[in-house]
2 protein chains.
Amino acid sequence: MTRRKVKLAFIVNESARKTTYRKRKNGMVKKANELATLCGVEACMIIYSPYDTEPEVWPSSMGVQSTLVRFRQMPEMEQCKKMMNQMSFTRERIQKISEQVKKMRRNNREKELAQIMYHYLSSGIFLQNMTMNDLHDLSWLIGQNLRDISRRMEALEMEPQNEVQIQSQGQEQAGEDNNNGKGIMEMNISTLQRQQNFMELMNCAGDETLPFGEANLCNAWSSPFYF
Amino acid sequence: MTRRKVKLAFIVNESARKTTYRKRKNGMVKKANELATLCGVEACMIIYSPYDTEPEVWPSSMGVQSTLVRFRQMPEMEQCKKMMNQMSFTRERIQKISEQVKKMRRNNREKELAQIMYHYLSSGIFLQNMTMNDLHDLSWLIGQNLRDISRRMEALEMEPQNEVQIQSQGQEQAGEDNNNGKGIMEMNISTLQRQQNFMELMNCAGDETLPFGEANLCNAWSSPFYF
DNA sequence: TATTCTATCTATAAACT
DNA sequence: TAGTTTATAGATAGAAT
């Protein structure tokens, strides 16, 4: 799976399939050897391919025989417990990947909303054509940020010796960010006020219940008309 | 095998071994599934670990059973043909890796000699403390380069319409390389003359027989005294 | 057809949660 | 203990030989 992410499906092209078979078979034998060596487990592997009349076997004849004997000696029930067929395996993989997708979607949405929030904070211009859903989630994100800020401010008040240090850091930052000499506290206050305006605008400032849903943020960013 | 290249040996640490086992077992099952899907081959895998009372099996019970039946039905001789035990597998791997090492050594030596050659060409200063072996191989390399150059010059004479183009390219290059306006043909000629001097110095210019051996180029480059 | 090369994708050791 | 993250080692698809 390289140069191009290959689709997990039967390879129609004869020679390509054979090439892939040989490469991957060797890879698996190597892996089996590593697993047995590193973890000291008993394992065996049998592969029938249309390319050879004899099966490809690992590790040795003796190894396979003893593993098989041990396997046959178990009660049928025991044998089956850990068995995994292709369907259940595939189902599990699909579920796992679906969860990843969901997570990434949530992540993307959160970042998208954060971008909109920062845009508003820096420009004061409010993005148009957002749905109620978008506004709702955005208000949740803003609430989160407000709570974080409050928490940090309280922490600073508790430990006043830190305040000076933080303040001076803030001034450096302000300089870098072209904030014309405003200290960070000042910045935060005007930020807070603007956020408050925003919240009032949407009158749902107190809502706690909103993690991000599946909805995409329409085309607020891709449209040339807004801002 | 990442963050640190792990040594292929039994993992002593209990928990590390278990972690590695689970990860790699999952990896192998995934690989087995891919091999079966991509290449349409019949395969099975059985792993006994001290971490479970039941064996880990792939693909399904039925799949294993049918593969085993098929395996048992073969004459013993056939069964064994493709079998690979850990020792023969390891021996093969060692041989393969040894060949790689050899190849890389040759490659390194060729590069080292080329560096010396270019150093002489650009500075006219001759590297001291080389062995007869080094000089011999170096002369071979220089001979190769001379032959390449001759071949290219002949090709250019055959197709004179290319000459102008190449010439102008050469001038650009010369500018970049701080050769003070010399064209590439001029460069090549003085290069050739200097190489010829070199060859005469060692009087073995015509020797064709020398691919690089195993010898390392002593410490000609690492010593601070030379150049 | 098989082997080699290499750019890219995948597996995973170690750290972190 | 098991899951997640991240940087690096390893596997490999496609092309070249």
Side-chain angles (χ1 to χ4, degrees), chain A residues 1-39 41 43 45 47 49-52 56 58 89-90 92-93 95-108 110-111, chain B residues 1-41 43 45 47 49-52 56 58 89-90 92-108 110-111:
Chain A
M1 302 196 172
T2 173
R3 289 278 171 109
R4 191 184 134 217
K5 190 176 162 115
V6 303
K7 190 167 71 172
L8 187 60
F10 182 74
I11 298 169
V12 179
N13 181 297
E14 273 283 351
S15 63
R17 186 167 71 248
K18 189 172 180 182
T19 305
T20 294
Y21 171 74
R22 280 193 319 97
K23 285 179 174 178
R24 281 173 172 263
K25 193 252 303 158
N26 290 339
M28 282 208 61
V29 169
K30 185 155 174 265
K31 287 276 180 199
N33 185 50
E34 289 178 1
L35 184 67
T37 306
L38 291 168
C39 305
V41 299
M45 213 167 87
I47 306 173
S49 76
Y51 313 112
D52 305 291
E56 188 77 32
W58 193 92
F89 176 76
T90 304
E92 268 185 30
R93 294 218 72 224
Q95 194 183 352
K96 211 167 182 178
I97 290 172
S98 296
E99 270 159 28
Q100 280 181 12
V101 169
K102 210 166 166 181
K103 200 172 177 181
M104 292 177 92
R105 282 227 178 94
R106 262 228 310 268
N107 236 306
N108 283 342
E110 193 160 348
K111 281 177 177 158
Chain B
M1 298 195 171
T2 173
R3 287 280 171 108
R4 190 184 134 220
K5 189 175 163 117
V6 302
K7 190 168 70 172
L8 188 59
F10 183 75
I11 298 168
V12 180
N13 181 297
E14 274 282 351
S15 64
R17 188 167 70 249
K18 188 171 179 183
T19 304
T20 294
Y21 170 75
R22 280 193 317 97
K23 284 181 178 179
R24 281 173 172 263
K25 194 252 301 158
N26 290 338
M28 283 208 59
V29 169
K30 185 155 173 265
K31 287 277 180 201
N33 184 52
E34 289 179 358
L35 185 66
T37 304
L38 290 168
C39 305
V41 300
M45 214 168 87
I47 305 172
S49 76
Y51 313 113
D52 305 291
E56 188 78 30
W58 192 92
F89 177 76
T90 304
E92 268 185 31
R93 293 219 71 224
I94 288 173
Q95 193 184 350
K96 209 166 182 178
I97 290 171
S98 296
E99 271 160 28
Q100 279 180 12
V101 169
K102 210 168 167 181
K103 200 170 179 182
M104 291 177 92
R105 282 224 179 96
R106 263 227 311 269
N107 235 308
N108 283 342
E110 192 161 350
K111 281 178 178 157

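Lettering of chains follows the sequences in order, A, B, ..., and the numbering in each one begins at 1. Just the heavy atoms: all of them, side chains too, but no hydrogens, waters or symmetry mates, feed the values below.
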S.K.: Side-chain N or O of A/Arg4 less than 4.0 angstrom from OP1 or OP2 on D/dA13?
M.R.: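 The answer is no; no side-chain N or O of A/Arg4 sits under 4.0 Å from OP1 or OP2.
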S.K.: Could you run down the sub-3.5 Å N/O contacts of the protein with nucleotides 15-17 of chain D?
M.R.:
none

S.K.: Under 4.0 Å: is that the gap between some side-chain N or O of B/Lys30 and OP1 or OP2 of C/dA11?
M.R.: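 The answer is yes; a side-chain N or O of B/Lys30 sits under 4.0 Å from OP1 or OP2.
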S.K.: Using atom CG of A/Leu8 as one end and atom C1' of D/dA11 as the other, report the distance to the nearest whole Å.
M.R.: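 One finds 16 Å between C1' of D/dA11 and CG of A/Leu8, rounded.
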S.K.: Is the shortest side-chain N/O distance from A/Lys5 to OP1 or OP2 of C/dT10 below 4.0 Å?
M.R.: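 Answer is yes, contact under 4.0 Å.
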S.K.: Got a sec, which pairs hit salt bridge (charged side-chain N to carboxylate O under 4.0 Å, His left out) with one end in residues 10-23 of chain B, sequence neighbours left out?
M.R.: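 Salt bridge (charged side-chain N to carboxylate O under 4.0 Å, His left out) check on residues 10-23 of chain B returns B/Glu14-B/Arg17.
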S.K.: A/Asn13 CG to C/dT1 C1': how many Å, rounded?
M.R.: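 About 13 Å, once rounded to whole Å.
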S.K.: Of B/Ser15 and A/Met28, whose nearest nucleotide on DNA chain D comes first from the 5' end?
M.R.: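 That would be B/Ser15.
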S.K.: Looking at D/dG14, C/dT1, D/dA11, which one has an atom nearest to any side-chain atom of A/Val6?
M.R.: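 My answer, after comparing the listed nucleotides, is D/dG14.
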S.K.: Considering all heavy atoms of both residues, which atom of A/Leu8 and which atom of B/Leu38 are nearest to each other, and what is their separation?
M.R.: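 Closest approach of A/Leu8 to B/Leu38, heavy atoms only: CD1-CG, 4.0 Å.
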S.K.: Are any of A/Thr20's side-chain N or O atoms less than 4.0 Å away from OP1 or OP2 of D/dA13?
M.R.: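 So the side chain of A/Thr20 is within the cut-off, an N or O lying under 4.0 Å from OP1 or OP2 of D/dA13.
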S.K.: For A/Glu14 and C/dA2, give me the distance from atom CD to atom P, rounded to whole Å.
M.R.: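 It works out to 12 Å between those atoms.
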S.K.: Axis-to-axis angle across the helix from C/dA2-D/dT17 to C/dT17-D/dA2, five pairs an end, to 10 degrees?
M.R.: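 Between the first-five-pair axis and the last-five-pair axis there is 30°.
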S.K.: Taking atom P of D/dG14 as reference, at what distance in whole Å does atom CZ of A/Arg22 sit?
M.R.: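 It works out to 16 Å between those atoms.
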S.K.: Report the distance from atom CG of A/Leu35 to atom C1' of D/dG10, rounded to the nearest whole Å.
M.R.: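 In whole Å, D/dG10 C1' lies 16 Å from A/Leu35 CG.
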S.K.: Can you tell me how far P of D/dA2 sits from NZ of A/Lys96, to the nearest Å?
M.R.: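 After rounding, the reported distance stands at 14 Å.
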